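The structure appears below as structure tokens.
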2 protein chains.
Amino acid sequence: MEKNDDFPLQQFLPYLLNQAAEESGLEFQRVYKNRYGMLRTEWRVLFHLGMYGQMTAKEIGQRSKMHKTKISRAVQRLADRRFLTRDTDDKDRRVEHLALTTAGEAAYRDLRQVAEKYDAKLSATLSDEENRILRQALWKLARMG
Amino acid sequence: MEKNDDFPLQQFLPYLLNQAAEESGLEFQRVYKNRYGMLRTEWRVLFHLGMYGQMTAKEIGQRSKMHKTKISRAVQRLADRRFLTRDTDDKDRRVEHLALTTAGEAAYRDLRQVAEKYDAKLSATLSDEENRILRQALWKLARMG
DNA sequence: CCTTGTTGGTTACAAAAACAACCATTAACC
DNA sequence: GGTTAATGGTTGTTTTTGTAACCAACAAGG
């Protein structure tokens with residue numbers, strides 16, 4: 001082990017982002033996993049529906065940038081566990097309108113509250129400036145593609 | 001679709017981080033994938049060895065926080081393709097010293113240069129302040145566990 | 001030495017993700 | 001209307017990952 005030099009790959013943005021994302025996601029993941037047996041994809045679908053109310057799989061895909069197969073399977077599992085209902089559109093029978101059930105709503109509210117607390121905890125390790133700029137920069141990067 | 005409210009989950013740090021990480025990693029991923037048939041784990045091992053010279057799997061694990069099975073498998077595949085050599089330690093025959101071959105070094109230098117350019121491109125979409133604070137904050141978050 | 005515990009690394013098997021091909025429906029256009 | 005293309009969503013198959021059990025080499029203590 002020797003050799004370090006000028007461009008520190010530890011500063012390579014995609015690498016740093018991954019490390020931070022992985023590390024910061026872990027604790028929250030354990031909550032939705034242990035408490036509701038959910039996968040990350042499922043949690044994401046849940047929260048999109050919780051946030052925006054009724055949506056179609058396609059709309060979720062647009063917002064989350066998740067691939068449609070992931071969404072399809074997440075929706076299936078959530079439907080199996082009665083966290084959401086699928087309602088075929090009358091005008092276009094390919095389309096399904098998804099909405100949370102009461103149980104789904106409850107899970108959403110619970111997890112959302114956990115998320116909120118957890119976010120506050122993460123934020124607390126950063127200064128106000130860091131928080132503001134960080135989110136702003138991440139937002140830019142996220143919609144860079 | 002209606003319903004938005006006070007704590008915007010789009011601002012939830014782990015979510016934002018993931019989106020940014022995924023989006024920002026994509027283009028670079030295509031390079032090491034198409035050009036060398038590498039996985040992310042393999043690229044990471046490669047770059048640790050390129051950065052620090054000879055290392056053991058364990059040391060890579062400590063620095064990268066990757067799980068040892070991932071490293072083990074990445075090392076295997078890199079060894080198969082003659083990107084690195086494994087050299088058993090004489091004093092402790094459990095330990096293997098890993099080092100890049102000439103081909104490995106070449107791949108590393110190539111990818112590193114691509115990474116460098118790509119990082120510059122990403123940085124260009126942000127202000128100086130954003131760049132500075134972003135990296136600083138990510139660094140803190142990454143070693144928060 | 002001989003048991004018991006650790007440690008570096010691998011392997012086996014289950015869970016999850018990626019990718020492509022696939023239905024069924026609707027839209028477009030002749 | 002009939003044919004072809006596009007769209008919303010699903011399914012099948014292959015890669016990758018996660019988890020745990022494992023093996024061989026060493027370490028510690030008696």
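Note that this is a predicted model, so its numbers are computed, not measured. Chain naming here is simple, since letters A, B, ... match the order of the sequence lines and numbering starts at 1 in each.
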Q: Can you check whether any acceptor in the base of dG8(C) is under 3.5 Å from a donor in the side chain of Lys58(B), or vice versa?
A: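 When only heavy-atom distances are counted, Lys58(B) does not reach the base of dG8(C) through any donor-acceptor pair under 3.5 Å.
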Which nucleotide in [options] has an atom nearest any side-chain atom of [X]:
X	options	answer
Gln76(A)	dA20(D), dA16(C), dT11(D)	dT11(D)
Arg93(A)	dT26(C), dA16(C), dC19(C)	dT26(C)
Glu96(A)	dG9(C), dT19(D), dG9(D)	dG9(D)
Lys68(B)	dT25(C), dG9(D), dG9(C)	dG9(C)
Lys70(B)	dT17(D), dT10(D), dG9(D)	dT17(D)

Q: Answer yes or no: does a side-chain N or O of Arg86(B) lie under 4.0 Å from OP1 or OP2 of dT10(C)?
A: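 Yes, Arg86(B) has a side-chain N/O under 4.0 Å of OP1/OP2 on dT10(C).
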Q.
Distance check needed: dA24(C) P versus Asp92(A) CG, whole Å only.
A.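 Those two atoms, CG and P, are 16 Å apart.
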Q: Find the distance Ile60(B):CD1 to dG9(C):C1' and express it as a whole number of Å.
A: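 For the pair Ile60(B) CD1 and dG9(C) C1', the rounded distance is 12 Å.
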Q) Quick one: on DNA chain D, does Val95(A) or Lys33(A) contact a more 5' nucleotide (nearest heavy atom)? A)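 Residue closer to the 5' terminus by nearest nucleotide: Val95(A).
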(Q) For a quick check of understanding: with a heavy-atom distance under 4.0 Å over all strands, which category does Leu39(A) fall into, base, sugar-phosphate or nothing? (A)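 Sugar-phosphate only.
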Q) Do Met66(A) and Leu141(A) share a hydrophobic cluster, counting only Ile, Leu, Val, Met, Phe, Trp and Tyr and linking them when any side-chain heavy atoms are less than 4.5 Å apart? A)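 The answer is yes; both residues are in one hydrophobic cluster.
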Q. Taking Thr56(A) for the side chain and Val95(A) for the main chain, is one N or O donor matched with an acceptor at less than 3.5 Å?
A.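 Between the backbone of Val95(A) and the side chain of Thr56(A) there is no qualifying donor-acceptor contact (under 3.5 Å).
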Q. Would you call Glu59(A) and Arg63(A) a salt bridge, taking side-chain N to carboxylate O under 4.0 Å as the test?
A.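 Salt bridge absent between Glu59(A) and Arg63(A).
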Q. Nearest nucleotide by nearest heavy atom, which residue falls closer to the 5' end of DNA chain C, Arg94(A) or Thr69(A)?
A.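 By nearest-heavy-atom nucleotide position, the 5'-most residue is Thr69(A).
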Q: By nearest nucleotide on DNA chain C, pick out whichever of Lys91(A) and Arg73(A) is the more 5' one.
A: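 Nearest-nucleotide comparison on DNA chain C picks Arg73(A).
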